[in-house]
Visitor: 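Quick one: the structure is below, and I'll ask about it shortly.
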Amino acid sequence: MDISAITSAARNAQAAWGRLSLERRGEYLQEIGRRFAARGEEVVAIVCEETKKSPGDAWFADLVPNLDLFDWWTGKGLEAIKPQKAPISRLKFPGKRATLSYEPRGVIGLISPWNYPAALPLRTLVPALMAGNAVLFKPSEVTPETGALLVDIFNGVLPPGLLSLVQGAAEAGEAVIDAADHVVFTGSVATGRKVATRCAAQLKTVSLELGGKDAAVVLADCDLERTAQGVFWAGCSNSGQNCAAVERVYVERPIYDRFVGALAQLAARADVAPVATEAQDAIVRRHLDDAVARGAKAHGTYPGAVILTDVPEDAQVMTEETFGPLIPVVPVADAEEGLARANGTRYGLTTSLWTKDVKRAEALAERAESGVVTINNASFTAAMPFAPWSGRRESGHGVTNSHLAILDMVSPKFVLVDTNKDPEAWWFPLSGDALALARDTLDWLTAQGTAKLTRTVGVLRGMKRRVGEQKGWFRG
Ligand code: NAD
């Protein structure tokens, strides 16, 4: 693989692509969306083969939610990057107009993990291309074939060179960073730190979507059956290999025993697939062994879903991302304690609150320290293209989805046109009438009510005097 040849092809293709109208680029992406849907079965099959996940997990996460992604990004999602007229005051800036537009950044380097190997890259590929960029896409070394299939679908439609596949592990990721103008990274905190450091050394912008240790706070008045099902799903879907998996559950004491019982029943019945890699399996086993060694009780057996009780708060399974089907459940005195413990983490991706008292939950949500808060649901908003997905603290500062994501893939350009015939008040000479006008302007801008009108007249007169002064100074 010759990264410099790929990059120069990307730059050439981007120059023409970036000049196309949004509508024209939208037509390409719409066609890619149709082809992606038509090859849906193939996508699911390759995702399952490479990640060992269940077909249900692949259908509901890697395929179905991505079908309307193309419609959103070729329609409403583009509003944020359409050119806008600047709201210029004619009095403060006479004779001027300006436009704010957005230019593509150039070549976006996209580095992805293996847990949702189709869904995650799509959420960047589509807006990055719509914004007029070329993309160098490095899938995880665990899921190269899913990456290759996506690129094949896109490249059946896109001009050659615009989207390129870079296969490999860390070294390939580093090459992508070095070649790109902007980097979108999704992965672990440890790798995110290395990626951020490399980008910083080259003064490159980077979006970081990292790990989580998300909590569910379950209040005594919740619908117990539905909450248990929702929390269990959020902890064990994709075998827990979800950045926003519920990895800690804080339950109000009055319903604690019943809630643990309901979760344990679900764990005994659910067919949770094995985790994707040996390395991931080793982490899950380490967390499980550590918890049990510290006195925790396991309900269920791994591989498979395990509900953990009597887990000390400093056990690995409570503090480090597990990325597997272990759900520690801890009793708390009340919602306040639950929320404080939920916030007591170095991560901050999502928080879920479960109660019938929605008003109370909305008030608690204001104090939840995470980028997403869901009330009576969990984790699934990543599938909503209009909903910003972002973290706090070590979960990273990137934003996926929504207008905020596409604004990260463009550079703003402000073009000002001046048709004013007179010199500007702030040009030379900077004495005499200039200072008087500056004081008049201060009075005018801070005036209220009818005084504003009088002072407007004062400023207009001051401007006239000032222009006279400047013209005289220039000629003399
Ligand atoms: P990882 O950090 O091991 O790898 C992610 C990607 O980075 C891979 O493509 C890998 O090859 C590449 N990489 C490795 N070293 C690199 C380097 N030095 N420079 C550049 N690239 C390098 O993560 P993973 O195990 O593939 O994925 C699991 C992690 O991803 C979990 O921590 C999970 O929480 C996180 N994740 C976060 C989100 C989110 O939206 N916040 C979504 C999905 C997954």
Side-chain angles (χ1 to χ4, degrees), residues 3 50-51 53 57 61-62 65 109-124 136-144 146-147 165-180 183-202 204 206-214 237-247 275-284 287 320-324 345-350 370-372 379-384 387-402 405:
I3 190 90
E50 288 195 308
T51 62
K53 71 172 78 176
D57 278 328
D62 284 284
L110 168 60
I111 303 172
S112 292
W114 46 261
N115 61 328
Y116 294 112
L120 290 171
L122 279 176
R123 280 170 209 161
T124 295
L136 302 182
F137 167 39
K138 195 202 88 59
S140 164
E141 62 276 29
V142 179
T143 54
T146 309
L165 188 63
V166 181
Q167 297 280 26
E171 214 175 296
E174 289 172 357
V176 165
I177 294 170
D178 296 351
V183 176
V184 178
F185 173 81
T186 305
S188 62
V189 172
T191 311
R193 231 183 268 286
K194 290 183 200 161
V195 168
T197 305
R198 197 172 186 98
C199 289
Q202 300 177 52
K204 286 185 181 174
V206 59
S207 159
L208 298 170
E209 293 278 8
L210 310 178
K213 191 76 203 168
D214 294 355
S237 81
N238 216 36
S239 308
Q241 300 162 115
N242 175 359
C243 52
V246 165
E247 295 207 358
V275 297
T277 64
E278 278 178 23
Q280 198 52 54
D281 180 63
I283 295 172
V284 179
H287 285 195
E320 293 173 25
E321 183 178 47
T322 304
F323 227 51
T345 167
R346 59 199 167 95
Y347 298 99
L349 212 46
T350 79
S370 58
V372 175
S379 125
F380 83 102
T381 65
M384 294 173 153
W389 181 264
S390 69
R392 305 279 160 86
R393 304 193 275 251
E394 291 190 19
S395 289
H397 47 61
V399 184
T400 312
N401 292 339
S402 86

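By convention here, the first residue in the shown sequence is residue 1. We count ligands from 1, going down the list as the structure has it; atoms in each ligand are counted the same way.
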Visitor: Could you tell me, atom by atom, which parts of ligand 1 come under 4.0 Å of a heavy atom of Leu120?
Guide: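 Under 4.0 Å from Leu120, ligand 1 has these atoms: 42 (C), 43 (C).
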Visitor: Mark up the atoms of ligand 1 that fall under 4.0 Å of a heavy atom belonging to Val195, in ascending order.
Guide: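 The list of qualifying atoms is 19 (N), 20 (C).
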Visitor: With heavy atoms of Trp389 as the reference, note each atom of ligand 1 found under 4.0 Å away.
Guide: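 Result: 39 (C), 40 (O).
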Visitor: Please state which part of Asn242 comes within less than 4.0 Å of ligand 1, counting heavy atoms only: side chain, backbone, both or neither.
Guide: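 It is neither part, as no heavy atom is under 4.0 Å.
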Visitor: Please state which protein non-hydrogen atom is closest to atom 32 (O) of ligand 1 and give its distance, to 0.1 Å?
Guide: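 Answer, as residue, atom name and distance: Glu321 OE1, 2.6 Å.
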Visitor: So, using salt bridge (charged side-chain N to carboxylate O under 4.0 Å, His left out) as the criterion, who are the partners of Glu394 when residues are at least two apart?
Guide: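 Once residues adjacent in sequence are excluded, the partners of Glu394 under the salt bridge (charged side-chain N to carboxylate O under 4.0 Å, His left out) criterion are Arg193, Arg346.
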Visitor: Quick one: look at Ala190 and ligand 1, take heavy-atom pairs under 4.0 Å, and tell me if it's side chain, backbone, both or neither.
Guide: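 Ala190 to ligand 1: no contact under 4.0 Å from either part.
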Visitor: In Å and rounded to the nearest 0.5 Å, what is the CD1 to OG distance from Ile283 to Ser188?
Guide: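 Here the interatomic distance stands at 9.0 Å.
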Visitor: Hey, which atoms in ligand 1 end up nearer than 4.0 Å to a heavy atom of Ser140?
Guide: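 Near Ser140, the atoms of ligand 1 are 9 (O).
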Visitor: Glu174: what forms a side-chain hydrogen bond (donor to acceptor under 3.5 Å, both in side chains) with it, not counting sequence neighbours?
Guide: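 With neighbours one apart ignored, the set is empty.
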Visitor: Check this for me, if you would: do Asp178 and Lys204 make a salt bridge, where the nitrogen-to-carboxylate-oxygen distance has to be below 4.0 angstrom?
Guide: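 Result for this pair is no, no salt bridge flagged.
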Visitor: Distance under 4.0 Å to a non-hydrogen atom of Phe323: what atoms of ligand 1 satisfy this?
Guide: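 With Phe323 as reference, the close atoms of ligand 1 come out as 28 (C), 31 (C), 33 (C), 34 (O).
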Visitor: What part of Val189 sits under 4.0 Å from ligand 1 if we count only heavy atoms: the side chain, the backbone, both or neither?
Guide: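 No part of Val189 comes within reach of ligand 1.
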Visitor: Take Tyr116 and Lys53 through the test side-chain contact (heavy atoms from CB on, under 4.5 Å) and record every step on the way to the result.
Guide: CA-CA 10 Å; Tyr116 294 112; Lys53 71 172 78 176; 3.4 Å; yes
Visitor: For ligand 1, which atoms have a heavy atom of Thr186 less than 4.0 angstrom away?
Guide: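 Once the distances to Thr186 are compared, the set is 5 (C), 36 (N), 37 (C), 38 (C), 39 (C), 42 (C), 43 (C), 44 (C).
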Visitor: Closer than 4.0 Å to some heavy atom of Gly211 - which atoms of ligand 1 meet that?
Guide: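 So the answer, numbered in order with elements, is 32 (O), 34 (O).
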Visitor: Which residue and atom name correspond to the protein heavy atom nearest atom 11 (O) of ligand 1, and how close is it?
Guide: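 Going atom by atom, the protein heavy atom closest to atom 11 (O) of ligand 1 ends up being Glu141 OE1, 2.6 Å.
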Visitor: Applying side chain to side chain contact (heavy atoms under 4.5 Å, CB included) between Phe185 and each of Ile111, Leu110, Ile177, Thr124, report the one that passes.
Guide: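 By the side chain to side chain contact (heavy atoms under 4.5 Å, CB included) criterion, Phe185 pairs with just one of Ile111, Leu110, Ile177, Thr124: Ile111.
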Visitor: If you have a sec, work out which protein heavy atom is nearest atom 16 (C) of ligand 1 and how many Å separate them, to one decimal?
Guide: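 For this ligand atom, the closest protein heavy atom is Thr191 CG2, 3.4 Å.
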Visitor: Pairs of nitrogen or oxygen atoms closer than 3.5 Å, one from Phe185 and one from ligand 1: do any exist?
Guide: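 Between Phe185 and ligand 1 (N or O atoms, distance only) the closest approach is not under 3.5 Å.
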Visitor: If you count the atoms of ligand 1 from 1 in the order shown, which ones are under 4.0 Å from a heavy atom of Lys138?
Guide: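 Here the atoms of ligand 1 in question are 8 (C), 9 (O), 10 (C), 11 (O), 12 (C).
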